[in-house]
Amino acid sequence: DVATLVKKHIDNCKEREPIFVKDIVVTDENKNARNIAFHKLERNNIIKPYKKGIYYKPQVTMFGELGIDTNKLIEKQYIKDANENIKGYITGPVIWNEWKITTQVPNRKWITTNSANRNTELQDIRVKLIRPKTKINNDNYKILQMLDVIDNIDDIQDINWNNYIDVLVNKINDLKVKELAAAIELAKTYNKFVNNFAGALIEARIKENNESNRLLWKKIQELKLNANIGRMYKVNPMIK
């Protein structure tokens, strides 16, 4: 039965798609049977091993055999879990370039992920894994991605300052009140500079202390208590 379960799972996988042994859930007493089923399919050249616990179905072309799809491997291992829940996100140079903050062309991906217990370089797939400041989930990953861009300001080469501010202002404009409140709380997990800068952007966004903004206004004042005295941040007038 376990062998049938494994074979059915692999039949549904596309060529070059990463296949994780752990994704086939069995009882402890059946884990050995699951491993034997994988090894049998490997001996029959139906699948090939990539690393311990990870296989793939090779794709044969007129130019030779293609190995595992590293982009899908990165996504399944560090970005989304088996249920499609977010557990990580792209950050760093790829985002700076994608958001047109810099013309710098990335030669590797930075990924902040719950799967990282410490910052690690994976040379084989040109990935830098970053330990998150707080647990990543479906609701907060976009906000954390934005806060990372603020946190990384000194690392961005050839920065286009106007685009940098405009992008962050637009990101803030797109957030709802509940998300803005979450952004303030998440900013507290970063350093004081991120607190100050994110606070300045959000304060400019909410503009006034009215009923709908009362909670946000209170949270902004809490950030101000910990702000660096005498340091000013200028935000251009794109705030709506």
(message) I want to check something: taking the side chain as every heavy atom from C-beta on, are I159 and T102 in contact at a cut-off of under 4.5 Å?
(response) no
(request) State, yes or no, whether a side-chain contact exists between L201 and I150 at a heavy-atom distance under 4.5 Å. (result) yes
(request) Measure the shortest side-chain to side-chain distance between D174 and E179 over non-hydrogen atoms and say whether it is less than 4.5 angstrom. (result) no
(request) Dump the intermediate steps for side chain to side chain contact (heavy atoms under 4.5 Å, CB included) on N85 and N137, then the final yes or no. (result) CA-CA 7 Å; N85 292 312; N137 57 47; over 6 Å; no
(request) Kindly determine whether K219 and L180 satisfy side chain to side chain contact (heavy atoms under 4.5 Å, CB included), including the steps that lead there. (result) CA-CA 10 Å; K219 288 180 177 293; L180 288 169; over 6 Å; no
(request) In plain terms, say whether E75 and K72 are close enough for a salt bridge, that is, a side-chain N and a carboxylate O under 4.0 Å apart. (result) no
(request) Decide yes or no for V21 and R34: does some side-chain heavy atom of the first lie under 4.5 Å from some side-chain heavy atom of the second? (result) yes
(request) Side-chain contact test, heavy atoms from C-beta onward, threshold under 4.5 Å: evaluate it for R205 versus N173 and give yes or no. (result) yes
(message) In this structure, would Y55 and I125 fall into the same cluster of hydrophobic residues linked by side-chain contacts under 4.5 Å?
(response) no
(request) For the pair K133 and D151, evaluate salt bridge (Lys or Arg N to Asp or Glu O under 4.0 Å) and give the outcome as yes or no after the intermediate values. (result) CA-CA 12 Å; K133 291 179 171 57; D151 192 29; 3.6 Å; yes
(request) Give the ring-plane orientation class for F197 versus F193, where under 30° counts as parallel, over 60° as perpendicular and anything between as tilted. (result) tilted
(request) State plainly whether the residues D11 and K8 are in salt-bridge range, i.e. N to O under 4.0 Å. (result) no
(request) Can you measure from CD (Q145) to OG1 (T91) and round to the nearest 0.5 angstrom? (result) 6.5 Å
(request) State, with a plain yes or no, whether a side-chain heavy atom of K218 is found less than 4.5 Å away from one of Q221. (result) no
(message) Quick one, D81 and N114 - any side-chain contact, counting heavy atoms below 4.5 Å?
(response) no
(message) Nearest 0.5 Å, please: how far is CD1 in I156 from CD1 in I95?
(response) 11.0 Å
(message) Is the shortest side-chain heavy-atom distance between L144 and Y190 below 4.5 Å?
(response) yes
